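Report on the structure given below.
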Amino acid sequence: SHSLTADSVDSEFMSYMLHKSKSVNKALDDTIPLCEPVLKIREAMRYTLLSDGKRVRPMLCLAACELVGGQESTAMPAACAIEMIHASSLIQDDLPCMDDDNLRRGKPTNHKVFGEDIAVLAADALIALAVKQTATLTLLDVPPEKVLRAILEMTKAVGLEGLVAGQAADIAGEGMSFEDDDKAGLEHLEFIHLHKTAALLEAAVVMGAIVGGGSDEEIEKLRRYARCVGLMFQVVDDVLDVTKSSEELGKTAGKDLIAGKLTYPRVMGVEKSREYAERLNKEAREHLQVFDSNKVAPLLFLADYIVKREN
Ligand code: GRG
């Protein structure tokens, strides 16, 4: 279901992405050897980390590094670290005490296969491994102050300024009722998505730019690009959720509208949400204008891919 085959996306870029996601998968595979001790935890970590995702965050990290003149190999540990954080968040999000989901990426969720106890430990260990992985950048001759900055960016995206804050706001908002076109609703929604989704995409891009040796100005431009892309990612996700579930139901209203979950289509309608995503894509591109136009192609394509994706 995660095949990279949107017709609308350039075929040269598709092979670029396939090539990149293969290198990422190879690198991820090497980070957790399947051996004793604690074999079961390793299996559980690998189960989610290596399952079939789009690898959008690692690809953004590698592309940002290369844009500022760094090598792919330098950004790879950071790219893997970001995917570990992502995998950890997916395991936690699916737990019975959170969204209580049985399926993820077309397979049974981590706790369904390994049990809740092992799933929680696997999620914990993935966060620790992500920090360790980023710290190993010092072994690749990345200056310690850059490694420290990268770790700072990543940990910000996990805790009170990132995933945890976003998820907590999401939980807090569950019982709230919002009118259509409600300003408070839109602000609440924006807070959730900036933290639950955009923060990690931003960290991915910024970490790539830092370890690749980007200047402060370059890093900040890329940060702005990433914020737009992160928000856009979620707007598209919400639209897909509604359009997919309405196809499944054969109705005009999707499951989120029925369930009352706060989404962009709910607050602004499907058409306006699509327009908003396009506007964010345009703004994302504008932030890249300072860079060499030949070198920005991968990041422009990635943004297009996110806006046009069908899963
Ligand atoms: C401490 C790491 C940590 C998390 C605790 C559970 C939690 C807080 C946050 C949940 C965050 C979450 C699941 C956000 C949704 C992010 C999102 C858009 C997921 C889908 O991403 P894709 O489409 O998925 O990139 P694939 O499967 O392609 O990787």
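When a ligand or atom number is given, it counts from 1 through the structure's own listing order. Just so it is clear, the structure is predicted and the values come from calculations on it, not from any experiment. Scope of the values below: all heavy atoms of this structure, side chains included, with no hydrogens, waters or symmetry mates.
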message: Do the side chains of Arg57 and Glu83 get close enough for a salt bridge, i.e. N-O under 4.0 angstrom?
response: no

message: I'd like to check whether His86 has a polar contact with ligand 1, where a contact means an N/O of the residue lying under 3.5 Å from an N/O of the ligand.
response: yes

- prompt: Do Glu278 and Lys282 come within less than 4.5 Å of each other through their side chains, counting heavy atoms only?
  reply: no

task: Indicate, as side chain, backbone, both or neither, the part of Arg57 found under 4.0 angstrom from ligand 1 when only non-hydrogen atoms are considered.
output: side chain

- prompt: Do you know which of Val270, Val239, Asp241, Asp238 makes side chain to side chain contact (heavy atoms under 4.5 Å, CB included) with Thr263?
  reply: Asp238

task: Output the distance between atom CD (Gln289) and atom OH (Tyr225), rounded to the nearest 0.5 Å.
output: 14.0 Å

- line: Counting heavy atoms under 4.0 Å, the part of Gln167 that contacts ligand 1 is side chain

- request: For Gln234, counting its heavy atoms only, list the atoms of ligand 1 lying under 4.0 Å from any of them.
  value: 18 (C)

- line: Note: ligand 1 atoms sitting under 4.0 Å from heavy atoms of Leu163 are 2 (C), 8 (C), 9 (C), 11 (C)

message: The criterion is salt bridge (Lys or Arg N to Asp or Glu O under 4.0 Å); which residues satisfy it with Asp29, sequence neighbours excluded?
response: Arg46

- prompt: So, for Tyr16 and Phe301, is the gap between ring centers shorter than 6.0 Å?
  reply: no

message: Applying side chain to side chain donor-acceptor pair (under 3.5 Å) as the test, list every pair that has at least one member in residues 67-81; sequence neighbours left out.
response: Lys20-Glu72

message: For atom 16 (C) of ligand 1, which of the options Ile85, Asp124, Thr197 provides the nearest non-hydrogen atom?
response: Thr197

message: I need the atoms of ligand 1 closer than 4.0 Å to a non-hydrogen atom of Arg105, numbered in the order shown.
response: 26 (P), 27 (O), 29 (O)

- request: Could you tell me whether Glu83 and ligand 1 have an N or O pair separated by under 3.5 Å?
  value: no

message: Under 4.0 Å from a heavy atom of Val158: which atoms of ligand 1 are those, numbered in the order shown and with their elements?
response: 1 (C)

query: So Tyr264 and Tyr276, would you call those rings parallel, tilted or perpendicular, with 30° and 60° as cut-offs?
result: tilted

message: Any atom of ligand 1 sitting under 4.0 Å from a heavy atom of Arg55?
response: no

query: Looking only at heavy atoms, is any part of Asp52 under 4.0 Å from ligand 1, and if so is it the side chain, the backbone, or both, or is it neither?
result: neither

